[in-house]
2 protein chains.
Amino acid sequence: MGLIVQKFGGTSVGSVERILNVAQRVKDETDQGNQVVVVVSAMGKSTDQLVDLAKAISAAPNKRDMDMLLSTGEQVTIALLSMALNEQNLPAVSFTGWQAGIVTEPVHANARITTINTEAVKNQLAEGKVVIVAGFQGITENGEITTLGRGGSDTTAVALAAALGADKCDIYTDVTGVFTTDPRYVKSARKLQSVSYDEMLELANLGAGVLHPRAVEFAKNYQVRLEVRSSMERVEGTVIEEEATMEQNLVVRGVAFEDEITKVSVLGLANSLTSLSTIFTTLAENHLNVDIIVQSTTEAESANLAFSIKTQDLMETLKVLENNKGVLNYEQLDAENQLAKVSIVGSGMISNPGVAAKMFEVLAENEIQIKMVSTSEIKVSVVVEEKHMLKAVEVLHQAFGLNKEA
Amino acid sequence: MGLIVQKFGGTSVGSVERILNVAQRVKDETDQGNQVVVVVSAMGKSTDQLVDLAKAISAAPNKRDMDMLLSTGEQVTIALLSMALNEQNLPAVSFTGWQAGIVTEPVHANARITTINTEAVKNQLAEGKVVIVAGFQGITENGEITTLGRGGSDTTAVALAAALGADKCDIYTDVTGVFTTDPRYVKSARKLQSVSYDEMLELANLGAGVLHPRAVEFAKNYQVRLEVRSSMERVEGTVIEEEATMEQNLVVRGVAFEDEITKVSVLGLANSLTSLSTIFTTLAENHLNVDIIVQSTTEAESANLAFSIKTQDLMETLKVLENNKGVLNYEQLDAENQLAKVSIVGSGMISNPGVAAKMFEVLAENEIQIKMVSTSEIKVSVVVEEKHMLKAVEVLHQAFGLNKEA
């Protein structure tokens with residue numbers, strides 16, 4: 001007998017029929033003698049509907065009010081799933097975030113979990129009940145309702161699994177696992193049996209989208225064994241654990257990609273030593289996320305700087321830079337959009353120094369120009385023109401042998 | 001400067017436009033220098049939608065799960081109203097039932113308020129904020145979410161007004177006040193300037209429908225000054241207080257009525273002494289509400305008994321009586337439906353003994369047969385055929401001078 005945390009996202013609980021399907025997946029686990037904690041998101045588009053209501057009232061609603069509003073979405077799901085399980089004579093109890101003891105820092109809209117008081121959940125498990133917990137939400141020490149921001153339900157599930165010492169945390173989603181690249185765009189994409197936390201972290205950050213990076217980081221820190229699997233199809237998923245099985249000793253495990261990237265260039269920076277930190281501090285203060293940063297010092301007196309952002313942040317970024325031109329002390333701004341980021345990820349890179357070189361070579365052979373480069377220990381990212389994105393993914397996917405069966 | 005509790009029902013907050021209208025009504029009070037606590041219900045039909053979802057999953061959902069589900073309705077409204085007020089630069093804070101310190105007995109679906117810990121609400125009022133509280137819901141001492149049953153938001157408002165020592169509790173609704181009878185059916189119905197708690201209690205119990213009897217009882221016990229008024233039209237409402245102003249010294253203050261009544265007769269009861277209590281205990285145990293009871297002992301050896309119920313409870317009532325025939329020891333059951341109850345209400349009756357006689361006389365003059373009679377100190381109810389109901393209401397309304405301007 002084990003303790004399993006299951007997490008079902010919005011699509012998986014998007015209708016009454018799907019909630020009944022989830023109830024069956026829960027029953028499968030209890031039938032095998034396992035204790036189960038289920039974490040659920042709000043039903044399908046219900047969060048969007050709540051956001052629309054809020055926007056009809058205020059262009060920029062108070063964050064506390066938004067948390068109050070949005071946290072009702074998961075509460076509806078836990079109540080309905082509990083009804084579905086109790087209807088099947090499987091004793092179940094539903095808990096809001098605060099009832100499950102999920103304490104967060106005092107920040108609205110994007111709070112981090114600080115503690116979980118597991119007593120109430122443990123008591124109900126001990127009574128033989130399935131415990132259903134509202135994802136995405138918590139409570140501050142002062143009794144304020146908070147939400148965890150994007151990917152919040154994943155984080156709730158992993159944090160609960162860690163706090164309860166669960167044997168496993170299954171993340172049910174609308175795909176069957178983690179793939180070598182996005183199967184919607186690349187036909188030869190294959191599902192991976194396993195990936196390491198670090199690989200998943202890079203893949204999650206790079207838009208693979210099946211699992212939120214915060215949740216992966218949490219799982220890595222607390223060594224929670226994760227599995228990403230389908231809520232619809234009854235097939236094996238992808239296991240995320242410390243040491244992933246080396247499939248065919250693959251150096252590269254996946255190819256991730258993301259479009260709508262813009263490269264911003266700041267030219268003629270007078271004093272690169274201080275202006276560099278000033279620029280990124282200013283952007284951060286304005287909640288603008290910068291991804292790849294490239295600095296070139298061609299002349300003694302001035303430097304050029306380039307960084308990539310999401311295209312949707314372009315207007316705001318230029319405004320901030322222009323408003324601070326006096327402080328930042330640069331000559332000119334330049335922006336190039338319709339770009340994309342393509343990345344190869346794999347723990348094996350650490351001991352295989354030729355991987356980046358091979359990537360550049362493959363792209364050059366296919367006449368795909370590289371605009372920017374960024375590397376980490378287990379990842380190489382390049383920025384290319386958007387129109388070359390899928391071609392780049394395909395040739396890299398093949399060149400690193402990801403299309404072959406393990 | 002005073003402290004005012006305002007309560008807005010589901011129709012009054014049924015859309016974004018109506019929530020903005022409510023925000024304006026709140027602002028009217030703060031503009032006059034008053035502190036305001038607002039209690040709101042779930043938006044329009046949202047509770048019905050949640051009930052439909054539950055019914056699609058379970059024919060008889062667990063009550064704890066239903067409370068978990070339904071309490072989200074008011075939480076949505078408080079968040080949206082708070083956004084609307086904050087958008088108008090009127091500082092506001094929203095509280096769920098548990099955040100507002102509304103503690104109930106540990107009963108789901110129909111809990112009574114036991115205590116209100118007003119500290120959080122008082123602190124926010126002291127900071128100059130409008131406090132918005134979710135009606136209809138509370139929390140047990142063990143942290144379980146409960147709901148208060150029908151009319152729950154009225155009760156929340158009155159209980160908060162009592163606990164906070166508010167100067168007034170305004171119940172906003174879709175009518176402009178309490179009328180001498182239902183203005184939808186009787187054209188000459190007039191709005192009353194004031195009624196006493198006891199009169200309102202009889203009117204509320206008799207289907208006048210504007211205010212829940214539990215809330216009126218609470219208001220009477222704690223001497224909370226109530227006013228029923230329109231959320232749409234800016235006109236004076238009806239004040240409910242201990243000593244209502246005597247308008248033209250009217251003995252009768254209102255005529256209430258209710259259709260779909262059935263009279264059930266139990267004939268040939270062997271031992272009326274014990275069987276009477278046995279019958280009503282059995283019905284109560286099956287949650288069947290009996291209204292008027294008439295007992296006649298024509299013979300020494302057996303007795304006949306008649307009582308009125310809502311027609312919707314007829315099948316269930318007959319089933320319970322038949323299942324218990326052995327214990328109850330009667331000869332025969334009889335049921336007459338398509339009946340209605342018409343009542344006259346007024347505190348003045350206590351010192352005017354001829355009121356019931358006049359009522360019977362007026363009905364007789366109009367050839368309306370009386371099937372059953374019930375009297376209290378301030379009320380006389382008769383059961384008549386449903387087809388005579390509105391005629392009876394009209395002739396009584398006129399006979400007791402309710403159609404004349406005060």
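Every chain is numbered from 1, with letters handed out A, B, ... down the list of sequences.
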(message) Applying side-chain contact (heavy atoms from CB on, under 4.5 Å) to B/L81 and B/V38, what does each step give before you reach the verdict?
(response) CA-CA 9 Å; B/L81 180 57; B/V38 194; 3.9 Å; yes
Between chain A and chain B, which donor-acceptor pairs sit under 3.5 Å apart?
residue	atom	partner	partner atom	Å
B/S58	OG	A/E87	OE1	2.5
B/R64	NH1	A/S94	O	2.9
B/R64	NH1	A/S94	OG	3.2
B/R64	NH2	A/S94	O	2.9
B/D65	OD1	A/S82	OG	2.7
B/D65	OD2	A/S82	OG	2.9
B/D65	OD2	A/M83	N	3.3
B/D65	OD2	A/N86	ND2	3.1
B/M68	O	A/Q75	NE2	3.0
B/S71	OG	A/Q75	NE2	3.1
B/Q75	NE2	A/M68	O	3.0
B/Q75	NE2	A/S71	OG	3.1
B/S82	OG	A/D65	OD1	2.7
B/S82	OG	A/D65	OD2	2.9
B/M83	N	A/D65	OD2	3.3
B/N86	ND2	A/D65	OD2	3.1
B/E87	OE1	A/S58	OG	2.5
B/S94	O	A/R64	NH1	2.9
B/S94	O	A/R64	NH2	2.9
B/S94	OG	A/R64	NH1	3.2
B/Q99	NE2	A/G143	O	2.9
B/G143	O	A/Q99	NE2	2.8

(request) Would you please test B/I19 and A/I57 for side-chain contact (heavy atoms from CB on, under 4.5 Å) and show each step? (result) CA-CA 9 Å; B/I19 288 173; A/I57 284 177; 4.1 Å; yes
(request) Report the C-alpha distance between B/I102 and B/V133 in whole Å, list the side-chain angles of each, state the deciding distance to 0.1 Å, and finish with yes or no for side-chain contact (heavy atoms from CB on, under 4.5 Å). (result) CA-CA 10 Å; B/I102 295 173; B/V133 179; 4.0 Å; yes
(request) Pick whichever of A/L80, A/L70, A/I132, A/V16 has the most heavy-atom pairs under 4.5 Å with chain B. (result) A/L80
(message) If you define the side chain from C-beta out and look only at heavy atoms, does anything of A/V39 sit under 4.5 Å from A/F8?
(response) no
(message) Quick check on B/I78 against chain A: is it the side chain, the backbone, both or neither that has a heavy atom closer than 4.5 Å?
(response) side chain
(request) Let me know if A/I139 has heavy atoms under 4.5 Å from chain B in its side chain, its backbone, both or neither. (result) side chain
(request) Could you tell me whether the side chain of A/V103 reaches within less than 4.5 Å of the side chain of A/I116, counting heavy atoms only? (result) no
(request) Could you look at B/A59 and say if it's the side chain, the backbone, both or neither that has a heavy atom under 4.5 Å from chain A? (result) backbone
(message) Given heavy-atom pairs under 4.5 angstrom as the criterion, report whether the side chain, backbone, both or neither of A/I145 touches chain B.
(response) both
(request) Provide the closest heavy-atom pair for B/F218 versus B/A162 in the form atom of the first, atom of the second, distance. (result) CE2-CB, 4.4 Å
(request) Return the minimal non-hydrogen interatomic distance between A/A54 and A/L69, and the atom names on each side. (result) CB-CD2, 3.8 Å
(request) With a 4.5 angstrom heavy-atom cut-off, could you sort out which part of B/L50 is near chain A: side chain, backbone, both or neither? (result) side chain
(request) Heavy atoms only: give me the nearest A/V36-A/L125 pair and the separation to one decimal. (result) O-CD2, 3.7 Å
